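Let me begin by presenting the structure, written as structure tokens, before commenting on it.
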Number of protein chains: 2
Amino acid sequence: MNKLVLLTLAASLASTVPALAQQTEKLDAAALAKIRDEGMNRSKVMETAFYLTDVNGPRLANSDGLKRANEWTKAQLAKYGLVNANIEAWGDFGRGWDVEKSYVAMTAPYYHAMVGIPKAWTPSTPGPVRKQVVVVKANTEADLAKYKGQLRDKIVVMSVAAPLKPATEGAIRRLSDEDLKKMAEWTPAPPTRDVPTTTAQDGRKAMAALRAAMADMLVSEGAAGVLSARGGIYGTFNTSNGAPYAADAKPVLPEIETAPEDQLRLIRLVEAGVPVEVEMETKTRFQTQDLKGYNVVAEIPGTDKKLKSEVVMLGGHLDSWHAATGATDNAAGCAVMMEAVRILKATGLKPRRTIRIALWGEEEEGLHGSRGYVKNHFADPATMQLKPEHEKLAAYFNLDNGAGKIRGIYAQGNEAVAPIFQQWLAPFADLGAGTVTLRNTGSTDHIAFDAVGLPGFQFIQDGLDYFPTTHHTNQDTYDRLIADDLKQASVVVASFVYDAAMRDQKLPRKPLPAPAKAQ
Amino acid sequence: MNKLVLLTLAASLASTVPALAQQTEKLDAAALAKIRDEGMNRSKVMETAFYLTDVNGPRLANSDGLKRANEWTKAQLAKYGLVNANIEAWGDFGRGWDVEKSYVAMTAPYYHAMVGIPKAWTPSTPGPVRKQVVVVKANTEADLAKYKGQLRDKIVVMSVAAPLKPATEGAIRRLSDEDLKKMAEWTPAPPTRDVPTTTAQDGRKAMAALRAAMADMLVSEGAAGVLSARGGIYGTFNTSNGAPYAADAKPVLPEIETAPEDQLRLIRLVEAGVPVEVEMETKTRFQTQDLKGYNVVAEIPGTDKKLKSEVVMLGGHLDSWHAATGATDNAAGCAVMMEAVRILKATGLKPRRTIRIALWGEEEEGLHGSRGYVKNHFADPATMQLKPEHEKLAAYFNLDNGAGKIRGIYAQGNEAVAPIFQQWLAPFADLGAGTVTLRNTGSTDHIAFDAVGLPGFQFIQDGLDYFPTTHHTNQDTYDRLIADDLKQASVVVASFVYDAAMRDQKLPRKPLPAPAKAQ
């Protein structure tokens, strides 16, 4: 660490974490230099990302694609020299599902090839189905009742709320100095739980009930199929909302999610009194033999007699939505984590603690892979009965906020860890990664660790085109990945993992939470 | 015209067209107020645009969609009270062509529904065709020769030049004050003709020859079909490049233009040695009974005995490319022109000259509709033999630079007309339309008039998402249209047309060009 960096560090600590004692971290500059050299000059991260996305394909929970990716990553991690590479079941998930054909077109008043993809876990059509379109616009069950008797043998188009607004902003966004300053200066409000307001909760419940009633009615009325649209613009469309993957899920209709432009055209035509006909054909395949979900894990064994039973974990989720290849959500995170362990092996560094990578399954349906793993290995948040491994986990690092480079880290309200991270980031000021925020961030797998009082962290990343362009859309493809961003992230992650594996103590923890059951 | 406007006008004339005498135009403020009131408060422009796009559909040259639009616009103009509404042949075009099915998917190494649309004037596949993919990368005929014997029964993927770059700018752009200032201050360089340099010409010729050789080879080698991609990002893709519409065109293969993301995935996989299979099915229909092209024309008769034999024309092209509904290219322009004549009829104003609207066919293949019309009515640029109607045309106004509001007008190098336009624009300063530039603009139908020395003009428009998002792409749909922009444009055009119809003199002309043949 050079002097300039130390000065920068002192200044930034002074302004951001004033109340905390500033214990100096022992950093191994030579090791960090090796990591940077390997990660920047002999990177494999884009090749890894290519295999994860293009070669393995979409990786929906318990799909063939995810199974391919599990096998490939396990083999690849073993090739890097990791040990104990394993595809480990985390528990029961539900049915596997893959798309084998997707076709949708407007066939009257003229031919128009629409874009779309079957909604996850919907059944096949009985071959090509060409039917008249009915638009259903229902905000209440009473609205719904008006359509009784009108839907038999029709293709139902679910109304979309509003016309599209032209995009005035570019897809790509990076965090500005101002954004980062705000994050660094953030201090927690007095502890309250983020409980949804009753109104919001009621609204969501009512909406879920309406959706369920609508799905039942479409089946019982004998509609032929459904077209829906949720978001997107200019050919990008969202494709990922909930669907019944449980083995005993009620039957639903074949349904294709389309681009808003295509959906809005149908709606405008029908509302103007023009008869509209659509042809759709979907072929989907359910797999019900193995309902389990899996994570891929592998290790670099620790070398310090006393510390090698302790574990530093890093991970990201391997599963994705099915309309694209989940490049930014989250092949990018997995490629970086795999690259980080590759770098650590390639450098020949000897970590004191064991390093364990985990590539999670079934994150998109509710962090199932990481939650199952945490429950199996560390603690059940419902009871907070701790397992022996709970005290052995030094840290968990997660990457799942798109494909952008690392700008810092969320300390997740852990005030004792903030000055440590500040020092660990200091060597990466020149790479744009320098911000520690006490803020929490949610919606990904570090939450499974945090929920049982384990030190789990997600990095701050440049968003790039994650929102609203690639996240859960048909456009989340390899094309979105920027090599320089992924190289930088690999180097920062490998360094953090190495620092955590070499530190005399495990990372400080927050107080244990109360059992979720009792709350 | 109010005082503030006059002062603004004087100031802007002083700065932009200093050398010209500033003859005062007689503007009828009451009439212009009526036009504005009708156009802003009782607009039908979005309804017209809806019928042009969603209801009539894609309007490729000599397609069913264009025929529907011809019939609809003719009837609608007659409904507005225009007379002599007519679908007038301009000459011979070539074959009609419509898409009846378009399906393309990668079927190995896994299923992926691709987006795409048959390239215009390509034939059908013999039902669904599922074949192995070969990537062809050829910059010279020698490169091409290497593929001999490798293409039989294969689907050929044409290599794309470069990976995609994430979009850092928003789709929507408006002209800034600075952009407009530059346009206003532009002065012509000494007259030269814009002759392409020999190198550029040679390059284009070589590329055209290579393409022709490639097309022939793919047919003679017995390839099953072609996939190509030209541009676009995030689900938007270009679809419009040249294709053989002539009645005696050589046979080509079925070809689908796809999104770059889909094309690049195929290429990356093949280059990595992964066997790739694609299924494609296209059904296209040729129409060879009527090879003529048509324009739609209609008139508001003049009311001044001496001047009613003179004509003020306004127009835009009605044809479009086929992957979308040509909303910004150029239903927007046609809807505005139709709205302008509707406004003039609705206000009950009595133009001295005859006003004639023309909605051109076959613009996209080379301004054929307007060129044919000009040749039939005014003069053949090859000979510059003038017909009697040549001296009767007071002005032609065109709208075809997307769907953005009008910010001014291109004087097309006509220095005498600039101060007139400056005064005609003055009442619209509050609507953002105030700039006259001497600059030429090309690539649309006013050029057909300008080429025979007639005063033909295109307005300056905000680009919005025209480049690169909607122009000739699959995303040129009704959703792109902004009502406020089209209302503003309708009012400005109606006013210009009215001003030109009421003016004592026809608009000043540039000197007649020499016959093109002789040059």
Side-chain angles (χ1 to χ4, degrees), chain A residues 50-51 53-58 64-65 68 98-103 105 107 109-113 115-117 163-164 166-173 232-237 259-262 264-265 268-269 272 274 279 283 323-325 464-465 469-470 473-475 477-480 482, chain B residues 50-51 53-58 64-65 68 98-103 105 107 109-113 115-117 163-164 166-173 232-237 259-262 264-265 268-269 272 274 279 283 323-325 464-465 469-470 473-475 477-480 482:
Chain A
F50 164 67
Y51 276 91
T53 56
D54 286 343
V55 178
N56 288 314
D64 285 1
R68 276 191 299 271
D98 288 88
V99 180
E100 297 191 334
K101 177 147 195 180
S102 173
Y103 173 72
T107 47
Y110 51 87
Y111 183 86
H112 166 57
V115 294
I117 195 84
L164 292 167
T168 49
E169 290 191 3
I172 285 277
R173 289 168 189 82
I233 192 164
Y234 298 124
T236 298
F237 62 97
E261 284 87 351
D262 284 343
L264 285 163
R265 189 192 308 192
R268 286 190 301 264
L269 286 168
V274 178
E279 183 172 59
K283 198 173 161 196
T325 50
L464 304 182
D465 43 14
T469 305
T470 67
T473 76
N474 67 322
Q475 288 302 318
T477 63
Y478 176 87
D479 313 273
R480 312 286 93 95
I482 300 174
Chain B
F50 163 67
Y51 277 90
T53 55
D54 286 342
V55 178
N56 288 315
D64 286 0
R68 276 193 298 272
D98 288 88
V99 180
E100 297 190 333
K101 178 149 195 179
S102 173
Y103 173 73
T107 48
Y110 51 86
Y111 182 86
H112 166 57
V115 294
I117 194 84
L164 292 167
T168 50
E169 289 191 1
I172 285 278
R173 290 171 188 78
I233 191 165
Y234 298 124
T236 297
F237 62 96
E261 284 88 350
D262 284 343
L264 285 163
R265 190 192 307 191
R268 286 190 301 263
L269 285 169
V274 178
E279 183 173 59
K283 199 173 162 196
T325 50
L464 304 182
D465 43 15
T469 305
T470 68
T473 76
N474 68 323
Q475 289 302 318
T477 63
Y478 177 87
D479 312 275
R480 313 284 95 94
I482 301 175

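Quick note on labels: first sequence line is chain A, next is B, and so on, each numbered from 1. Since the structure is predicted, the reported quantities are computational estimates derived from the model, not experimental observations.
Per-residue counts of heavy-atom pairs under 4.5 Å with chain B were compared for Asp54(A), Leu164(A), Asn56(A); the largest is that of Asp54(A). With chain B as partner, the option from Glu100(A), Arg268(A), Arg480(A) having the largest number of non-hydrogen pairs under 4.5 angstrom is Arg268(A). Taking Ala105(B), Ala259(B), Gly232(B), Ala167(B) one by one and counting their heavy-atom pairs under 4.5 Å with chain A, the maximum is reached by Ala167(B). Heavy-atom pairs under 4.5 Å with chain A peak, among Gly235(B), Pro58(B), Ala324(B), at Gly235(B). Of the listed residues Leu269(A), Thr473(A), Thr469(A), the one with more heavy-atom pairs under 4.5 angstrom with chain B than any other is Leu269(A). Across Ile172(B), Val99(B), Val55(B), the residue that shares the most heavy-atom pairs under 4.5 angstrom with chain A is Ile172(B). Between chain B and the options His112(A), Glu279(A), Arg68(A), heavy-atom pairs under 4.5 Å are most frequent for Arg68(A).
Taking every heavy atom of both residues into account, Phe237(A) and Pro260(A) meet most closely at CB-CD, 4.0 Å.
The backbone N or O of Ala171(A) lies less than 3.5 Å from no partner atom in the side chain of Asp465(A), so there is not a single donor-acceptor pair. Listed for the Glu261(B) side chain is a donor-acceptor partner under 3.5 Å among the backbone atoms of Tyr234(B).
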>> Run the side-chain contact (heavy atoms from CB on, under 4.5 Å) test on Thr325(A) and Arg265(B) for me, step by step, so that the C-alpha distance in whole Å, both residues' side-chain angles and the decisive distance to 0.1 Å come before the verdict.
In response: CA-CA 10 Å; Thr325(A) 50; Arg265(B) 190 192 307 191; 3.5 Å; yes
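Listed by chain and number, the residues in a salt bridge (Lys or Arg N to Asp or Glu O under 4.0 Å) with Asp98(A) amount to none (sequence neighbours excluded). Annotation: side-chain hydrogen bond (donor to acceptor under 3.5 Å, both in side chains) contacts of Asn474(B) (sequence neighbours excluded): none.
If you measure heavy-atom distances from Phe50(A) to chain B, the contacts under 4.5 Å come from the side chain alone. In this structure, chain B has a heavy atom under 4.5 Å from the side chain of Thr477(A), while its backbone stays farther away. There is no contact between Arg173(A) and chain B, counting heavy-atom distances below 4.5 Å. For Leu464(B), no part lies near chain A; criterion is any non-hydrogen pair under 4.5 Å. If you measure heavy-atom distances from Pro163(A) to chain B, you find no contacts under 4.5 Å at all. Residue Ser102(A) touches chain B through both its backbone and its side chain, counting heavy-atom pairs closer than 4.5 Å.
Within the 4.5 Å cutoff, the side chain of Tyr110(B) has no heavy atoms near those of the Asp64(A) side chain. Between Pro166(B) and Ile482(A), the closest side-chain pair of non-hydrogen atoms falls below 4.5 Å.
For Lys283(A) and Tyr103(A), the positive end is not near the middle of the six-membered ring at less than 6.0 Å and at most 45° from its axis.
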